[in-house]
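Notes follow the structure.
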2 protein chains.
Amino acid sequence: MFSRPTHYVDPMTEEPSTRDRLVQAATRLFRQRGYDGTGLTEILTEAGVPKGSLYHHFPEGKADLACAAADWTASEIIRVIDDSFRAAPDWRHGITTFCYKMAKLFDILESADACPIFGLLFEGPDHDRFRTQAEQSFDRIIAAAARHGQALGMTAEAAHDAAETFIIGFQGSWTLARTRRKSDVLRNLPNRLYGAKS
Amino acid sequence: MFSRPTHYVDPMTEEPSTRDRLVQAATRLFRQRGYDGTGLTEILTEAGVPKGSLYHHFPEGKADLACAAADWTASEIIRVIDDSFRAAPDWRHGITTFCYKMAKLFDILESADACPIFGLLFEGPDHDRFRTQAEQSFDRIIAAAARHGQALGMTAEAAHDAAETFIIGFQGSWTLARTRRKSDVLRNLPNRLYGAKS
DNA sequence: GCACGACTGGACCGATCGGTCTAGTGTTTT
DNA sequence: AAAACACTAGACCGATCGGTCCAGTCGTGC
């Protein structure tokens with residue numbers, strides 16, 4: 001029997017692993033202050049982890065950590081998408097539920113953070129690595145949404161298109177919502193995309 | 001007679017003023033690497049300006065410069081919007097022209113830069129100042145687009161709404177175009193928003 | 001001429017950056 | 001018991017960060 005990989009939360013203990021605490025602290029801070037705006041010490045303090053551990057789990061340091069954070073975020077987003085579509089009778093309902101869920105998150109974050117989805121696209125020295133990472137994460141997210149579209153009767157192509165259009169609109173809406181500090185911009189997105197009246 | 005304000009380009013000389021060179025270098029670099037990712041020395045080198053001058057023109061330093069850059073960018077965007085609508089027979093034509101112009105810019109920038117419009121929203125220590133600055137700039141841009149909508153027969157409300165929806169879609173499209181390095185995402189935006197076939 | 005403000009040029013500063021390195025602590029394997 | 005390994009702990013490093021300061025250079029008005 002091979003040992004359980006330590007970078008997942010042990011379901012038996014309450015404590016997330018050191019690695020996970022790093023990833024989650026990093027996710028939060030990168031979203032708030034951006035890649036270059038966040039110092040390693042800040043992340044380490046928030047995670048309650050010494051520097052040595054960071055470079056053990058992420059040999060390439062900050063960039064490595066950022067990619068892990070992006071990956072983790074994408075998975076979280078997909079989870080919310082799946083949740084939103086679970087009981088949705090049609091595409092618009094699923095999208096609307098997702099927007100409302102995210103608007104709630106937006107309010108919790110006090111309108112301060114970057115869009116969780118597109119915050120994946122960090123600037124930074126290693127631009128191309130981040131770009132590639134972001135591209136993959138987006139495609140995962142879009143594919144997840146498209147799957148639900150297909151399950152609701154769309155053709156593969158139509159579903160992919162609808163998912164893409166939605167993610168585009170969502171990203172723009174989040175940013176505008178942030179500058180205005182109004183989560184209703186997010187709740188209004190379905191009306192913008194699919195016509196007034198819900 | 002009062003002296004000409006030195007922060008505008010003297011139309012008689014070719015040389016942009018020191019202040020303008022700073023703002024333009026800052027605009028370019030902030031767009032490429034973000035606020036925190038750009039060092040002052042980098043900006044100063046690119047602009048060919050010593051540090052003392054920066055703090056003469058922008059007493060509050062980097063933050064001041066960033067706001068000036070955001071303002072300048074907004075004006076440039078509005079200029080492109082006005083250009084795009086100059087000969088447009090209807091809203092969709094104006095928007096389409098704008099998208100094509102920006103797609104061309106996107107290609108020139110080699111897909112590397114952040115969206116010129118929403119790149120205005122810097123992270124940074126002084127978050128609220130930047131947020132306010134971004135909010136005003138967005139409103140200026142949206143108002144500019146809405147004006148053209150009204151001139152083309154929309155009601156004030158409809159025009160504002162259409163402009164807002166478009167800017168939202170544009171921002172999302174730029175980001176997706178960037179991760180995919182495909183400017184066609186921008187050119188396709190009118191089809192997404194207003195239905196296929198141009 | 002000379003004084004004065006606007007502006008330039010750049011040395012200098014403490015703080016913080018990301019990253020390295022080594023010592024120490026457990027746990028597992030043999 | 002001992003060696004091997006996974007991981008923690010944090011002191012330490014040179015580089016670079018944004019910002020300050022002041023001496024020097026103009027152009028202009030008195």
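First the proteins, then the strands, lettered A, B, ... as listed; each starts at 1.
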Separation of C:dT20 atom C1' from A:F58 atom CZ, nearest Å, is 18 Å
Grab the CZ-P distance between A:R19 and D:dA6 for me, whole Å please. 15 Å
Backbone of A:G153 reached by a side-chain donor or acceptor of A:W91 within 3.5 Å: no
Counting primed atoms, P, OP1 and OP2 as sugar-phosphate and everything else as base, the B/S/- map of nucleotides 16-25 of chain D against protein heavy atoms under 4.0 Å is -SBBB-----
Side-chain N or O of A:H56 versus OP1/OP2 of D:dC7: is the shortest distance under 4.0 Å? yes
Whether the side chain of A:K51 engages the backbone of A:L40 through a donor-acceptor N/O pair (distance < 3.5 Å, no angle test) should be reported. no
Test your reading of the model: is there a side-chain donor-acceptor pair from B:R178 to the backbone of B:S111, 3.5 Å cut-off? no
Just the rounded figure in Å: distance from P of C:dG10 to CG of B:L54. 15 Å
Are B:F118 and B:F170 an aromatic pair, judged by ring center distance below 6.0 Å? no
Do any side-chain nitrogens or oxygens of B:S53 fall under 4.0 Å of OP1 or OP2 in C:dG9? no
Got more than 12 heavy atoms from elsewhere within 6.0 Å of OH, A:Y55? yes
Would you mind reading off the distance between A:H57 atom NE2 and D:dA6 atom C1', rounded to a whole angstrom? 9 Å
Parallel, tilted or perpendicular: ring planes of A:F85 versus A:H148, cut at 30 and 60 degrees: parallel
Spacing between A:L22 atom CG and D:dA9 atom P, to the nearest angstrom: 12 Å
